[in-house]
Protein chains: 2
Amino acid sequence: MTESDAKTGSERRRGSGVKMVYEVLRDEIIDLTLPPGSPIDEVQLAERFQMSRTPIREALVRLAGDGLIDTLPNRSTMVSTIDFLNLHTFFDALVLMYRVTTKLAAQYHRPEDLVTIRAYQAAFADAAKAGDALAMIATNAALHAAIAEAARNPYFLGLFNRLLDEGRRLLRLYYQSYGDRLPQQFVDEHEEIIAAIEARNADEADRLARLHAEQIVVQIQSIFTRTERLSMDV
Amino acid sequence: MTESDAKTGSERRRGSGVKMVYEVLRDEIIDLTLPPGSPIDEVQLAERFQMSRTPIREALVRLAGDGLIDTLPNRSTMVSTIDFLNLHTFFDALVLMYRVTTKLAAQYHRPEDLVTIRAYQAAFADAAKAGDALAMIATNAALHAAIAEAARNPYFLGLFNRLLDEGRRLLRLYYQSYGDRLPQQFVDEHEEIIAAIEARNADEADRLARLHAEQIVVQIQSIFTRTERLSMDV
DNA sequence: TGCATTTTATTTGTCGACAAGATTTCGACA
DNA sequence: TGTCGAAATCTTGTCGACAAATAAAATGCA
């Protein structure tokens, strides 16, 4: 937060400003550098990125469209809070998107998709071996996003990416508790899923994705029940 | 297009400008007043709505987020085209959202939801009886959006509303062919679905929604095969 | 001291203008 | 007459400034 993002000296290309601001803020929201509820000040961001408020505002409008920030008209704007009371709706959507993207990937994937997928799976396995929970969260999301890309359905992909972003925020909140015996199980489940996709076995891919997703949901829920006495005032 | 939307004389409230522009353009895109591929000119819109380009641009950014317009950086922006080559991805998503929102509505609806749902069903029945295809398209979307509201899942609701909007554009393209014997069948199917929701029979609601959705998809596809020799250059 | 009201200050929404990028028009030359 | 390149035009992206709406502070009054 204290360091400057200003591109001192070098001229930016026209139109790259909003994209950069959007991506930087998006990353900071997802990795909780900007925790839920953080106030978003336009002039402060304008100073930080060394540009006028106009491109800043455009980036904020896009982030609001993604549901990552909430805007109170004429009042303040802040990073979206996490609605713990309705987490089940999130889990419902997440499980279904896990299933449908995996199933469709089994049907529509192309050979080159598997290269990308396997690369993320390897990265996930490394993170699991190293016990790096933050890397596991990021690579797990990237892996499933890659599978969703192979499913070739832009509608499901859009919703799924949004859910994966929200899931990353959720897991970061409690990543301390995320290093049990389960990582190796997740690696194995990923292997099975990828094998089913490669074999173009849609039903098996669906079945495995469902088990995997429900496994993850249970894991997240157990984290919450274990830590529910801690700070829920987010 | 020729008439003016300018609120001559009356002062607009601060912040209402973007909302109004967004909603007006959204409606015009959905009902094909602005057909796919139409160029969007910011200064022209600024003149039409009697405001500066800034709020116009904000509305356009939001519309782009909804996928209703496409923006070529530093170049033109236009109403999104309809991708006929990948319609199956749209149908896949539409059927699944029909199913899941109906099923969840059976589980989570409240008594007041049924009032709204039945009101739209009555409007749909009237439109079907009158043979008003345009009204049928609009009220059918409103009915299913109301069911999705009762499902109380914001993630599914967001995707579903987007799909319903796209479906309305699709049907308007060919609404001339939409007045066969099927309307009464749709009315009956709606009745069955609503009954299943009221009975909180989730499995039956899912089954009926699936049949209903696939019925509609087949109907749309048959329209396309009948008219495929006509203008596909949209 | 406590509450209501006015005043100040902060932040957002809007505006008009300018500049960069891209398209089109025009003209030179083969 | 056709093609390439330069000038003009048009559209978008960005800027600094102003105004409205809200929040905070200060003042008056009981």
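Each chain gets a letter, A, B and so on, in the order its sequence line appears, and its residues count up from 1.
- Taking atom CD on A/Gln50 and atom P on D/dT14, their separation rounds to 15 Å, with Å as the unit.
- A straight line from CZ of A/Phe49 to P of D/dT14 spans 14 Å, rounded to a whole angstrom.
- Look at CG on A/Leu72: it is 15 Å from P on C/dT11, rounded to the nearest Å.
- Salt-bridge formation is detected for the pair A/Glu166/A/Arg169: a Lys NZ or Arg NE/NH1/NH2 atom is positioned less than 4.0 Å from an Asp or Glu carboxylate oxygen.
- Set against D/dT14, D/dT11, C/dT14, the side chain of B/Asp41 has D/dT11 as its closest nucleotide.
- Within the 4.0 angstrom heavy-atom criterion, no nucleotide atom of any strand lies near B/Leu60.
- Remark: C1' of C/dA22 and CZ of A/Arg14 are 10 Å apart, rounded to the nearest angstrom.
- Phosphate contact (OP1/OP2 of D/dC15, side-chain N/O of A/Ser52, threshold under 4.0 Å): present.
- In this structure, of C/dT14, C/dT23, D/dC15, it is D/dC15 that holds the atom nearest to the side chain of A/Met51.
- A/Arg152 has no carboxylate O lying under 4.0 Å from a charged side-chain N of B/Asp92, or vice versa, which leaves the two without a salt bridge.
- One interatomic measurement links the two molecules: CD of B/Glu47 to C1' of D/dT11, which rounds to 13 Å at whole-angstrom precision.
- Judged by atom type and distance alone, A/Arg53 reaches the base of C/dG13 through a side-chain donor-acceptor pair under 3.5 Å.
- Rounded to an integer number of Å, the gap from A/Glu58 CD to D/dG13 C1' is 8 Å.
- Each of B/Thr54 and A/Val43 lies near DNA chain C, and the nucleotide nearest A/Val43 is the one positioned closer to the 5' end.
- At a cut-off of 3.5 Å, with distance as the only test, a side-chain donor of B/Asp66 or B/Tyr22 sits close to an acceptor on the other residue.
- Taking side-chain N and O atoms only, A/Arg75 has a distance below 4.0 Å to OP1 or OP2 of D/dA23.
- Using a 4.0 Å heavy-atom criterion, one finds that B/Ser76 contacts no nucleic acid atom at all.
- In this structure, A/Pro73 and A/Gly15 both approach DNA chain D, and ranking their closest nucleotides by distance from the 5' end singles out A/Gly15.
- Atom pair A/Leu45:CG and D/dC15:P shows a separation of 14 Å (rounding to whole Å applied).
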For this session: Starting from the C-alpha separation in whole Å, work towards a yes-or-no answer on ring-ring contact (aromatic ring centres under 6.0 Å, His included) for B/Tyr108 and A/His88.
Result: CA-CA 12 Å; B/Tyr108 298 120; A/His88 67 99; 5.7 Å; yes
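- The existence of a salt bridge linking A/Arg48 and A/Glu28 is confirmed by a sub-4.0 Å separation between a basic side-chain nitrogen and an acidic carboxylate oxygen.
- One interatomic measurement links the two molecules: CD of A/Glu42 to P of C/dT10, which rounds to 16 Å at whole-angstrom precision.
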